[in-house]
Undergrad: 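Mind looking over this structure? Questions follow.
Along the sequence shown, residues carry numbers from 1. Only this structure's heavy atoms are used, side chains among them; waters, hydrogens and symmetry mates stay out.
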Amino acid sequence: MSGDGSSAGVRDGALLLAVARGTIAEQFGGPKVRRPEGEAWLEERRAVFVTLKRDGDLRGCVGQLAARFTLFEAVREAATSAAFRDSRFFPLRQEELAELQLEVSVLSPLEPLEVLDEEDLLQKVRPGVDGLVLSHQFRSGLFIPEMWKQLPDKRDFVTLLKRKAGLPTAWQPGTRVERFTAEHWEEPA
């Protein structure tokens, strides 16, 4: 599986997007999405995020950081949660489904990133490549790598991630940083 534009990557991405869209449509009476035969890669345990956009604006984004489910089930769970359980939005209405653009991100395992402070993090983070998780005490937040398209400046990326996590503006000693990469596919706009 790859998101590099190869024919296998394009086919895999199209299949994952179809699973996500079909899963949401199921909730409105559409046919049940079945796991395709002969696609053993869908049985790999992977962490996934599904993002919903409407007219270019975020309409839902939910996923898992830990690879607890098979890829097929992870996409189904994330799609359902993004559409109906993202606490930032009202549950999706059937008439919105045709207006949505779906995105699927399959995450690499989390990698601890040792940093001394925010300046050290800004030196080590790879724009356009890394997704980040910031955690301190009982607060945490994450941005998937796709967020670099909206926040290409490293400092803005980290500042808004701290805000999302509910962390103070000033760097807190003991803040844990983890990074990951993602293979990403999206429906045409």
Side-chain angles (χ1 to χ4, degrees), residues 1-6 9-10 12-13 16-17 20 45-68 71 74-75 77-79 81-82 85-89 100-189:
M1 176 177 50
S2 94
D4 61 7
S6 67
V10 170
D12 295 349
L16 294 175
L17 289 164
R45 290 195 180 278
R46 298 295 300 269
V48 171
F49 271 75
V50 172
T51 303
L52 312 178
K53 290 185 178 175
R54 184 174 175 206
D55 298 324
D57 294 326
L58 184 66
R59 178 58 178 89
C61 183
V62 176
Q64 318 91 28
L65 279 174
R68 300 180 317 215
L71 184 52
V75 169
E77 174 63 27
S81 294
R85 295 192 288 269
D86 187 329
S87 61
R88 298 170 292 181
F89 302 96
L100 290 183
Q101 178 192 21
L102 277 65
E103 301 177 6
V104 174
S105 295
V106 179
L107 281 52
S108 70
L110 293 176
E111 167 192 332
L113 184 61
E114 297 299 324
V115 297
L116 301 172
D117 54 25
E118 187 167 339
E119 291 305 315
D120 191 27
L121 171 58
L122 293 172
Q123 291 299 313
K124 292 178 178 176
V125 69
R126 301 172 298 184
V129 175
D130 290 334
L132 288 180
V133 180
L134 295 182
S135 306
H136 186 266
Q137 296 179 344
F138 300 108
R139 298 175 188 261
S140 68
L142 81 103
F143 280 158
I144 61 177
E146 277 301 296
M147 284 300 294
W148 288 105
K149 290 180 180 177
Q150 296 174 43
L151 300 167
D153 179 80
K154 290 181 189 184
R155 195 166 300 280
D156 291 344
F157 190 91
V158 171
T159 297
L160 287 175
L161 180 53
K162 287 188 300 185
R163 183 180 304 156
K164 180 180 181 186
L167 298 174
T169 304
W171 186 259
Q172 300 298 298
T175 298
R176 197 170 87 231
V177 180
E178 296 169 291
R179 72 176 164 191
F180 58 93
T181 58
E183 298 171 277
H184 180 82
W185 297 273
E186 58 189 60
E187 293 177 331

Undergrad: Find the distance between CD (E103) and CG (L100) and round it off to the nearest 0.5 Å.
TA: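 One gets 11.0 Å once the value is rounded to the nearest 0.5 Å.
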Undergrad: Using atom types as modelled and distance alone, determine if a side-chain donor or acceptor of D55 lies under 3.5 Å from a backbone N or O of D57.
TA: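 Looks like no, no N/O pair under 3.5 Å.
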Undergrad: Which pair of heavy atoms, one from L132 and one from F180, lies closest together, and at what distance?
TA: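 Nearest pair, atom of L132 first, then F180: N-CE2, 3.8 Å.
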Undergrad: Which pairs count as ring-ring contact (aromatic ring centres under 6.0 Å, His included) when at least one residue sits in residues 112-134, sequence neighbours excluded?
TA: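 Residue pairs passing ring-ring contact (aromatic ring centres under 6.0 Å, His included), neighbours aside: none found.
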Undergrad: So, using salt bridge (Lys or Arg N to Asp or Glu O under 4.0 Å) as the criterion, who are the partners of D130 when residues are at least two apart?
TA: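 R126, R179.
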Undergrad: Looking only at non-hydrogen atoms, find the nearest pair between V48 and A74 and report the distance.
TA: CG2-CB, 3.8 Å
Undergrad: Side chains of L71 and L16: closer than 4.5 Å at any heavy-atom pair?
TA: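 Contact flag for L71/L16 side chains = yes.
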Undergrad: Can you measure from CD (E114) to CG (L121) and round to the nearest 0.5 angstrom?
TA: 12.0 Å
Undergrad: Heavy atoms only: give me the nearest K154-L122 pair and the separation to one decimal.
TA: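 So the minimum-distance heavy-atom pair works out to NZ-O, 2.8 Å.
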Undergrad: Using modelled atom types and a 3.5 Å cut-off, is there a donor and acceptor pairing between side-chain atoms of Q101 and backbone atoms of E187?
TA: yes
Undergrad: Please tell me if the side chains of R88 and L58 come closer than 4.5 Å, counting only heavy atoms from C-beta onward.
TA: yes
Undergrad: Report yes if some heavy atom in the side chain of E146 is under 4.5 Å from a heavy atom in the side chain of T51; otherwise report no.
TA: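 A side-chain contact under 4.5 Å is absent here.
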Undergrad: According to the ring-ring contact (aromatic ring centres under 6.0 Å, His included) rule, which pairs have a member within residues 100-136, sequence neighbours left out?
TA: none
Undergrad: Could you report the tightest heavy-atom contact between G60 and F89, atom names first, then the distance?
TA: N-CE1, 3.7 Å
Undergrad: Measuring from L161:CG to L134:CG, what's the distance to the nearest 0.5 Å?
TA: 4.0 Å
Undergrad: Can you find a heavy atom in the side chain of K124 that is under 4.5 Å from one in the side chain of L113?
TA: yes
Undergrad: Taking salt bridge (Lys or Arg N to Asp or Glu O under 4.0 Å) as the definition, give me every residue that meets it alongside R176, ordered by chain and number, with sequence neighbours left out.
TA: E178
Undergrad: Is D86 close to L52 at the side-chain level, that is, under 4.5 Å between some pair of heavy atoms?
TA: no
Undergrad: Taking the side chain as every heavy atom from C-beta outward, state whether D156 and T159 have any pair of such atoms under 4.5 Å apart.
TA: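 Not in contact.
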Undergrad: Looking at A20 and A79, what are the two nearest heavy atoms and their distance?
TA: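 Closest approach of A20 to A79: O-CB, 3.7 Å.
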Undergrad: Who pairs with F157 by ring pair (Phe, Tyr, Trp, His ring centres under 6.0 Å), at least two apart in sequence or on another chain?
TA: F143, W148
Undergrad: Looking at R45 and R68, what are the two nearest heavy atoms and their distance?
TA: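 Taking every non-hydrogen atom into account, NH1-O, 2.5 Å.
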Undergrad: Taking side chain to side chain contact (heavy atoms under 4.5 Å, CB included) as the criterion, tell me which of T181, V50, I144 meets it with S105.
TA: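 Output: one option passes, namely I144.
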Undergrad: Mind jotting down which residue pairs meet the side-chain hydrogen bond (donor to acceptor under 3.5 Å, both in side chains) criterion with at least one end in residues 161-174? Sequence neighbours excluded, please.
TA: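 Sorted result for residues 161-174: E118-K162.
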Undergrad: Rounded to the nearest 0.5 Å, what's the gap from CD on Q137 to CG on L167? Could you check?
TA: 9.0 Å
